[in-house]
Colleague: 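The structure that follows is given in the form of structure tokens.
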There are 2 protein chains.
Amino acid sequence: MDTASRPGLRELKKQRTRDALVRAALELFTTQGYEQTTVDEIVEAVDVSQRTFFRYFAGKEEVAFAVQATAESHFVKAVRGRPSHEPPLEALRRAVMASWDTIGDAVEAVIPLELHLRTFQLIESTPALLAPHLRRQESLEEELARVIAEREGLDVDTDPRPRVAVALFGGVMRLTSRLWGAGEDFSVDAMRELTASYLDQVGPALAENWHTDDGRGGADAE
Amino acid sequence: MDTASRPGLRELKKQRTRDALVRAALELFTTQGYEQTTVDEIVEAVDVSQRTFFRYFAGKEEVAFAVQATAESHFVKAVRGRPSHEPPLEALRRAVMASWDTIGDAVEAVIPLELHLRTFQLIESTPALLAPHLRRQESLEEELARVIAEREGLDVDTDPRPRVAVALFGGVMRLTSRLWGAGEDFSVDAMRELTASYLDQVGPALAENWHTDDGRGGADAE
DNA sequence: TGTCAACTGTCAGTGGCTGTCATTAGCCTC
DNA sequence: GAGGCTAATGACAGCCACTGACAGTTGACA
């Protein structure tokens, strides 16, 4: 019986150790800062050797992105689930909004949502974390471009539009993340509103002449 | 007489040491790889102590971006020099193209253009360098947003359009850089063509329905 | 020419990270 | 349920990026 996938005590302990390391690390990072936290402190809190830590995570920074990875695949899944009649950019927009609505379900198995939001804010405000974060975003964009191309039945290496569309979208997402991290309201609602209002500004920003002043309003910055 | 700014022997030696470190580092990085090169190797080639290296550069990665910084401010200068009647995105586009045309003048005081291009390619293909590169690009975008806002007589913290326009532009720039680095033609010409053709795709990518197939052509990827 | 300040070298030490090897502990078979 | 197999861990040594402290050297300038 249950030939499918039996956890097994070994697997369970591994998962437990990994989650404990993530929780301890994020708690330490968000309270005393990323660079002020040593790997020794993290492993001491979980009571494992330093060597074990580096068997679970390739480096100190990787543990900071463990939950981010969950959130990202949550978002990609949302994009995949969009009805195919939606134009690409509308699908992307609705997917972000939807995945922010349900982010708790995807994350709270490991850490409370509140800690995840604090971690996000930490990443945005810590150069040593922001850098790898942006690199991760770039590979996420490549994945998204392939999803979009598939949706539209196009070859991502022949037709430039999927990658360009995702690049435009990604540019605005990074902007909103930055402004969210630099602001004062670290709630999911603030993120949603910022996202929506800045995506509304894509058209106006592309206009030839900004001085006609059309299409403004709705986006309040900082 | 010449009260303005007299180099002085001290300044001269400093500049000499710094340039020598940059040249040695980039040469080593591009021939044997960034992570395969130790700081000890660099300082040995220039015959200074390791401590001196870290007095000139905050870290091993900073030396890799020394020339990039020159190229970036060259580009910002080009944007500032654009006639004010050009729409924002056209100004940005013409500024990139122009600064690629004259990049040699800005760079060859320190290293041959060819080494700079090899370095650029190295950055794009080395995760440990790509990450800080993207972070640098983000702060460059903030600077550009302020320049654009000034051009248009707007407040960058009130009107979202300058930042959105720069984010869109920056998204496409990162895309073209990535494709250039992943391609096979590492020439300036290849960069120029890639840039032009992908900027042409912004309109088409924003179109509601891609299947009408309008506005395509001109951009050949990979 | 002598004094000051800037620049540099040496040394010791910390922290992130890796290879190696012995030990422990879940798993599976008889 | 005793044994062997192997994954997981711990302990230790060592590399490399980076820093603080202190001493030595060398332009700058009176």
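All chains are named by letter (A, B, ...) in the order of the sequence lines, taking the proteins before the strands, and each is independently numbered beginning at 1.
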Colleague: Rounded to the nearest angstrom, tell me the gap between atom CZ in Phe53(A) and atom C1' in dG16(C).
Modeller: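 Phe53(A) atom CZ is separated from dG16(C) atom C1' by 10 Å.
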Colleague: Calculate the interatomic distance between Glu35(B) atom CD and dT18(C) atom C1'; express it in whole Å.
Modeller: 14 Å
Colleague: Charged N to carboxylate O under 4.0 angstrom, Arg163(B) versus Glu141(B)?
Modeller: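 No salt bridge links Arg163(B) with Glu141(B).
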Colleague: Look at the rings of Trp180(A) and Phe120(A) and say which category their plane angle falls in: under 30° parallel, 30 to 60° tilted, over 60° perpendicular.
Modeller: tilted
Colleague: Within this structure, what is the NZ-to-C1' distance between Lys60(A) and dA17(D), rounded to whole angstrom?
Modeller: 13 Å
Colleague: Do nucleotides 7-13 of chain D as a string where each nucleotide becomes B, S or -: B if the base has a protein heavy atom under 4.0 Å, S if just the sugar-phosphate does, - if no protein is that close.
Modeller: BSBBB--
Colleague: Does any pair with a residue in residues 121-139 of chain B pass side-chain hydrogen bond (donor to acceptor under 3.5 Å, both in side chains), and if so which ones, sequence neighbours excluded?
Modeller: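 Qualifying pairs: Glu72(B)-Arg136(B).
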Colleague: Determine, for Glu150(A) against Arg146(A), whether the closest basic-nitrogen to carboxylate-oxygen distance falls under 4.0 angstrom.
Modeller: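 A salt bridge is absent here (no side-chain N lies under 4.0 Å from a carboxylate O).
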Colleague: Given atom CD of Glu62(A) and atom C1' of dG16(C), what is their separation to the nearest angstrom?
Modeller: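 Interatomic distance, CD of Glu62(A) to C1' of dG16(C): 14 Å.
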Colleague: From CG of Asp40(A) over to P of dG13(C), roughly how many Å is that when rounded to an integer?
Modeller: 18 Å
Colleague: Working to the nearest 0.5 Å, report the span between CG of Asp105(A) and NE2 of His74(A).
Modeller: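 That separation rounds to 7.0 Å.
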Colleague: Whole angstrom is fine here: how far is it from CZ in Arg16(B) over to P in dC7(C)?
Modeller: 15 Å
Colleague: Just how far, in rounded Å, is C1' of dC11(C) from CZ of Phe54(B)?
Modeller: 15 Å
Colleague: Check the distance between dA17(D)'s P and Glu61(A)'s CD and give it to me in whole angstrom.
Modeller: 16 Å
Colleague: Do Glu35(B) and Lys60(B) meet the salt-bridge criterion of a basic N to acidic O distance under 4.0 Å?
Modeller: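 Looking at Lys60(B) and Glu35(B), the cut-off is not met.
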